[in-house]
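Since we're looking at a predicted model, the values are computed, not measured. Throughout, protein chains are lettered first and strands after them, A, B, ... in sequence-line order, and every chain is numbered starting at 1.
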Amino acid sequence: MEKNNETLHILRHSASHIMAQAVQSLFPHAKLAIGPATDSGFYYDFDLDEHTFTQEDLVKIEEKMKEILKQNLSFEKVLVEDVDAKVAEFKSQGEIYKAELLEEHRNDAPTLYLTKDKDGNVLFNDLCAGPHVPNTSYIKGNAIKLLKIAGAYWRGNEKNKMLQRIYATAFWNKEDLENYLHLLEEAEKRDHRKLGTQLDLFSVREEIGGGLVLWHPNLATVREEIENYWRTEHRKRGYVIVNTPQIAKSKLWEISGHIDHYRENMFFIQKENEDDEQYIVKPMNCPFHILIYQSNRHSYRSLPLRMAELGTVYRKEKSGALSGLTRVQGFTQDDAHIFCTPEQLVDEINGVIDFVADTMKIFNMEFEVELSTRPESYVGKLENWELAEAGLKEAMDKRGMQYDINEGDGAFYGPKIDFKVKDALGRTWQCATIQLDFNLPERFDIKYQDKDGQLKTPVMLHRVIFGSMERFHGILIEHFAGAFPTWLAPTQVSVVPISNEKHADFAEKVYKKLRENGIRTYLDDRSESMNYRIRENLQDKKVPYVLVVGDKEQEANSVAIRQRGVGQIGTKSVDEFLDMILEEIKTRKC
RNA sequence: GCCGGCAUAGCUCAACGGUAGAGCAACGGUUUUGUAAACCGUAGGUUGUAGGUUCGAUUCCUAUUGCCGGCUCCA
């Protein structure tokens, strides 16, 4: 068997059997659920009534695994010939999860994998489709690692029992494992929550509530630049920009259907008196945009209408779901709704895909694309769905875009394209999305007058580029490991006079000149050593440039430039440096 | 919401039944520096919150809030 990346998941799956065997030998009452390989390792779910796994258990289990591996066991596949008998056997052993799985797969020629020793004794068996490595010599004791314990519902359904999951990983050799563990460490250092504190970017306070973010000046600066980019690009691409309220009467959300379909995610405003009107904090911007559309008559000539807003919405989340900037309860969507005729749809979708691709390119970000199609229960006409799905596919195919299709995974009101960006820890987050909506135009009964004079219902498209400003900034922080490119950096230049006494005036002059030209500059004339100030600005604050000025610079009206992550890059006149950095900012160099 | 873990100074962590300690940051002073951490000093905490056990609780127990790892959900 070849040892390559394609077969790595086979190794991991086999390792999960060894882990299950180790757990059952240490905890004989452990019932087995499922134990698949994942992208980065494997896990196994167990049901132990009387015991919860501890960190120490993980060490013991790992040791046990190594012991088992030393026995040089082989994996052997056997067909389950008498399913009923085997189900009964599983049940008698208390293996209720395996019994359930086997019954379900009774017509799929179910197989068992036996783990055997040299003499042919079966030490462990597991219901499993395979495949596996031939024997345990492929699994190296020093290339496996148990990572963490987590709760997981049986079959991922919260109505089912909570099982205990052990996450682990395995590689072909020790070096690969060590590289991976190192990668995890590096990823942890990039964690936007860690950098958020370190670089004074944002905070979330218990007094305010979970998932409600305070943007500190540093991150607010980054956001300002992002928003400037966003507005300029929208104007260029023919959008109009609007603003809408934070709250609305419940009546609006009845018409939109949110009260029926989105209730558990909405914040209701407490009424003082029984007779007071019920107001609700907006979880989405679309109803407002539709009302703006409705405030005028529209004809086919005035479409498409592209309406954008940086709209702040609030969505109630389950308490365990919040995390940093990526999962919050209050967030600003860079939202837009495009109202168009069916004929315009493909062009409009194309325009949005262009927008997303161009934007991600600016940040050097990789993304994956998924198309979700019509679910079983849906609203709208079948022909419209087919037109829309074909339009989405056509638009992506034309540009040779790779995408996965999630059949039947669209919303009840329309198909969608999701763009997913990976964070430092390899988790993917949805940022941009394009979503067709056959529901709201009907509910609000919006129309346009077509060439033939008839009033027709326009096609409506929801779309975001960044998704939410909060999440996107979280991803940005990790993407750049906190070292923002110059155009985004909260502080772009620090000026460090060698002697605060001798060079104070000149340093001040350089500082003012840069500031007057719109460069975010900090004059670091603290009574600290020059080395300390250089180090702190470049390494701790991650300022892109430090300008050191002393006698020589003062005399020549120049600055000695040190670039973050690079080192000294020479001396330039103040004007030359200014031109250089202005160009770098203008081109948004990453 | 569920399972498990955690909560000590602005930050990172220590002490774990007997009057809470360090480094960094802050503040004061000395130093005025030629390219990624100068020196000395000062101050800073009802140990997340509320109960309980105890002669005594940061330490043990209960509840609660928040955070972390997941499940579920999702921008």
Side-chain angles (χ1 to χ4, degrees), chain A residues 43 45 47 52-55 147-167 191 193-194 197-198 200 203-211 262 264-265 283-285 311 313 315-335 418-421 425 427 429-433 435 462-472 474-475 496-504 525-540 546-553 560-562 564-569 571:
Chain A
Y43 65 81
D45 287 346
D47 180 358
T52 52
F53 286 129
T54 63
Q55 213 55 42
L147 298 169
K148 54 198 173 192
I149 309 154
Y153 298 108
W154 166 235
R155 318 205 116 182
N157 186 332
E158 61 185 312
K159 292 197 180 80
N160 291 338
K161 185 164 183 186
M162 178 69 70
L163 309 174
Q164 297 185 59
R165 174 173 298 178
I166 299 178
Y167 279 96
D191 189 319
R193 292 163 302 189
K194 215 166 207 165
T197 308
Q198 209 174 302
D200 195 14
S203 59
V204 182
R205 295 287 299 257
E206 196 176 334
E207 301 90 312
I208 299 173
Y262 211 68
E264 72 267 21
N265 286 299
M284 292 190 192
N285 303 300
V313 297
R315 299 182 188 175
K316 199 147 74 183
E317 292 291 349
K318 290 179 181 175
S319 62
L322 304 175
S323 172
L325 292 175
T326 42
R327 203 79 175 84
V328 294
Q329 296 199 107
F331 56 99
T332 301
Q333 291 184 301
D334 64 318
D335 211 356
D418 290 326
F419 299 77
K420 299 192 168 180
V421 172
L425 299 165
R427 295 176 291 207
W429 293 101
Q430 184 174 316
C431 287
T433 169
Q435 177 123 40
H462 310 252
R463 63 102 267 214
V464 286
I465 306 291
F466 298 129
S468 92
M469 294 309 262
E470 283 72 9
R471 175 176 297 176
F472 188 72
I475 293 165
V496 173
I498 291 176
S499 158
N500 289 330
E501 284 164 7
K502 286 192 282 179
H503 314 121
D525 55 1
R526 291 173 301 166
S527 173
E528 296 286 350
S529 72
M530 180 185 67
N531 280 336
Y532 174 85
R533 286 177 287 163
I534 288 171
R535 183 193 150 98
E536 203 203 36
N537 280 289
L538 294 171
Q539 183 177 297
D540 299 343
V546 166
L547 304 182
V548 176
V549 296
D551 288 339
K552 281 183 271 177
E553 289 73 24
I561 307 162
R562 186 172 263 273
R564 177 187 63 201
V566 178
Q568 287 189 72
I569 58 168
T571 298

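- Contact check, A:Ser319 against B:rG1: a side-chain N or O comes under 4.0 Å of OP1 or OP2.
- Atom CD1 of A:Ile166 and atom P of B:rC71 are 15 Å apart (whole Å).
- Of all heavy-atom pairs spanning A:Ile475 and A:Cys431, the tightest one is CD1-SG, 3.5 Å.
- For B:rC74, the base has no donor-acceptor partner in the side chain of A:Arg315 [N/O atoms by modelled type, under 3.5 angstrom].
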Using the 3.5 Å cut-off, write out each protein N or O paired with an N or O of nucleotides 59-63 of chain B and the distance between them.
none

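- Residues meeting the side chain to side chain contact (heavy atoms under 4.5 Å, CB included) test with A:Lys316, sequence neighbours left out: A:Phe267, A:Gln329.
- Across the C1' atoms, B:rC67 and B:rG48 are found 11 Å apart, a figure rounded to whole Å.
- The separation of B:rU8 from B:rA22, taken at their C1' atoms, amounts to 13 Å, rounded to a whole angstrom.
- B:rC73 atom P lies 14 Å from atom CD of A:Gln430, rounded to whole Å.
- Comparing B:rG18 with B:rU59, their C1' atoms sit 11 Å apart, to the nearest whole Å.
- The side chain to side chain contact (heavy atoms under 4.5 Å, CB included) test applied to A:Asp47 returns A:Lys31, A:Asp49, A:Tyr97, A:Lys161, A:Leu163, not counting sequence neighbours.
- Heavy atoms of A:Phe466 sit nowhere under 4.0 angstrom from any nucleic acid atom.
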_Walk me through whether A:Trp429 and A:Arg327 qualify under side-chain contact (heavy atoms from CB on, under 4.5 Å)._
CA-CA 10 Å; A:Trp429 293 101; A:Arg327 203 79 175 84; 4.2 Å; yes
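- Using modelled atom types, one side-chain atom of A:Glu553 and one backbone atom of A:Gly550 make a donor-acceptor pair closer than 3.5 Å.
- Using atom P as the reference point in both B:rU65 and B:rG17, the two lie 29 Å apart (nearest Å).
- Using a 4.0 Å heavy-atom cutoff across all strands shown, A:Ala152 reaches sugar-phosphate atoms only and no base atom.
- The interatomic distance linking A:Gln333 (CD) with B:rC74 (P) rounds to 14 Å, in whole Å.
- With contacts defined as side-chain heavy-atom distances shorter than 4.5 Å, the pair A:Asn537/A:Arg564 does not qualify.
- Between A:Arg155 and A:Ser323, the residue whose closest nucleotide on RNA chain B is further toward the 5' end is A:Ser323.
- Residue A:Gln198 places no side-chain atom within donor-acceptor reach of the base of B:rA25, judged by atom type and a 3.5 Å distance cut-off alone.
- Applying the ring-ring contact (aromatic ring centres under 6.0 Å, His included) criterion to A:Phe53, with sequence neighbours excluded, gives A:Phe27, A:Phe46.
- Contact annotation: A:Lys148 does not reach the phosphate of B:rG4 (side-chain N/O to OP1 or OP2, under 4.0 Å).
- Between A:Asn160 atom CG and B:rC3 atom C1' the separation is 14 Å, expressed in whole Å.
- Distance CZ (A:Arg327) to P (B:rC71): 12 Å, rounded to an integer number of Å.
- Under the side chain to side chain donor-acceptor pair (under 3.5 Å) criterion, A:Glu207 pairs with A:Arg205, not counting sequence neighbours.
- Backbone-only engagement by A:Arg165 is indicated by non-hydrogen atom pairs under 4.0 Å involving sugar-phosphate atoms exclusively.
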Listed pairs, N/O of protein and of nucleotides 44-47 of chain B, under 3.5 Å:
none

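- Residues forming a side chain to side chain donor-acceptor pair (under 3.5 Å) with A:Lys318 (at least two apart in sequence, or on another chain): A:Glu158.
- Under a 3.5 Å cut-off, the side chain of A:Ser323 and the backbone N or O of A:Thr326 do not form any donor-acceptor pair.
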*Dump the intermediate steps for side-chain contact (heavy atoms from CB on, under 4.5 Å) on A:Gln198 and A:Asp540, then the final yes or no.*
CA-CA 8 Å; A:Gln198 209 174 302; A:Asp540 299 343; over 6 Å; no
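- To the nearest whole angstrom, the two P atoms, one in B:rG45 and one in B:rC11, are 14 Å apart.
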*Let me have a per-nucleotide readout for nucleotides 32-42 of chain B, 5' to 3', with B, S or -, counting only protein heavy atoms under 4.0 Å.*
BBBBBBB----
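- Under the 3.5 Å distance criterion, the side-chain polar atoms of A:Arg315 are matched with a main-chain donor or acceptor of A:Pro283.
- Within 4.0 Å of A:Val313, counting heavy atoms only, lies no atom of the nucleic acid at all.
- At the heavy-atom level, A:Gly156 lies under 4.0 Å from the strands shown only through sugar-phosphate atoms.
- Note: CZ (A:Arg205) to C1' (B:rA7) measures 15 Å, nearest angstrom.
- The ring-ring contact (aromatic ring centres under 6.0 Å, His included) check on A:Tyr43 picks up A:Tyr167, with sequence neighbours excluded.
- Shown here are the side chain to side chain donor-acceptor pair (under 3.5 Å) partners of A:Arg463, two or more places apart in sequence or in another chain: A:His234, A:Tyr239.
- Contacts of A:Leu322 with the nucleic acid, taken as non-hydrogen atoms under 4.0 Å apart, involve only primed sugar atoms and P, OP1 or OP2.
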*asked:* If a pair means Watson-Crick or G-U wobble with both distances below 3.5 Å, what does RNA chain B look like in dot-bracket form, with | marking bases paired to a different strand?
replied: (((((((..((((....[..)))).(((((.......))))).....(((((..]....))))))))))))....
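- Taking atom CG on A:Leu325 and atom C1' on B:rC68, their separation rounds to 16 Å, with Å as the unit.
- Between A:Leu325 atom CG and A:Arg471 atom CZ the span is 10.5 Å, to the nearest 0.5 Å.
- In this structure, A:Gly151 reaches the bases: a heavy-atom distance under 4.0 Å links it to at least one base atom across the strands shown.
- Atom C1' of nucleotide B:rG5 and atom CZ of A:Phe53 are separated by 15 Å, given to the nearest angstrom.
- Between B:rU31 and B:rC40, the distance separating the two P atoms is 15 Å to the nearest Å.
- The gap from the P atom of B:rU58 to that of B:rG51 amounts to 13 Å, rounded to the nearest Å.
- The same atom, P, is picked in B:rA57 and in B:rA50; the two are 14 Å apart, to the nearest Å.
- In this structure, A:Ala150 and A:Glu317 both approach RNA chain B, and ranking their closest nucleotides by distance from the 5' end singles out A:Ala150.
- Remark: the A:Tyr43 side chain and the B:rG70 base include no donor-acceptor N/O pair separated by less than 3.5 Å.
- With hydrogens and angles disregarded, no donor-acceptor distance shorter than 3.5 Å links the side chain of A:Asp525 to the backbone of A:Asn500.
- A:Asn285 is linked by a side chain to side chain donor-acceptor pair (under 3.5 Å) to A:Lys282, A:Gln333, A:Asp335, counting only residues two or more places apart in sequence or in another chain.
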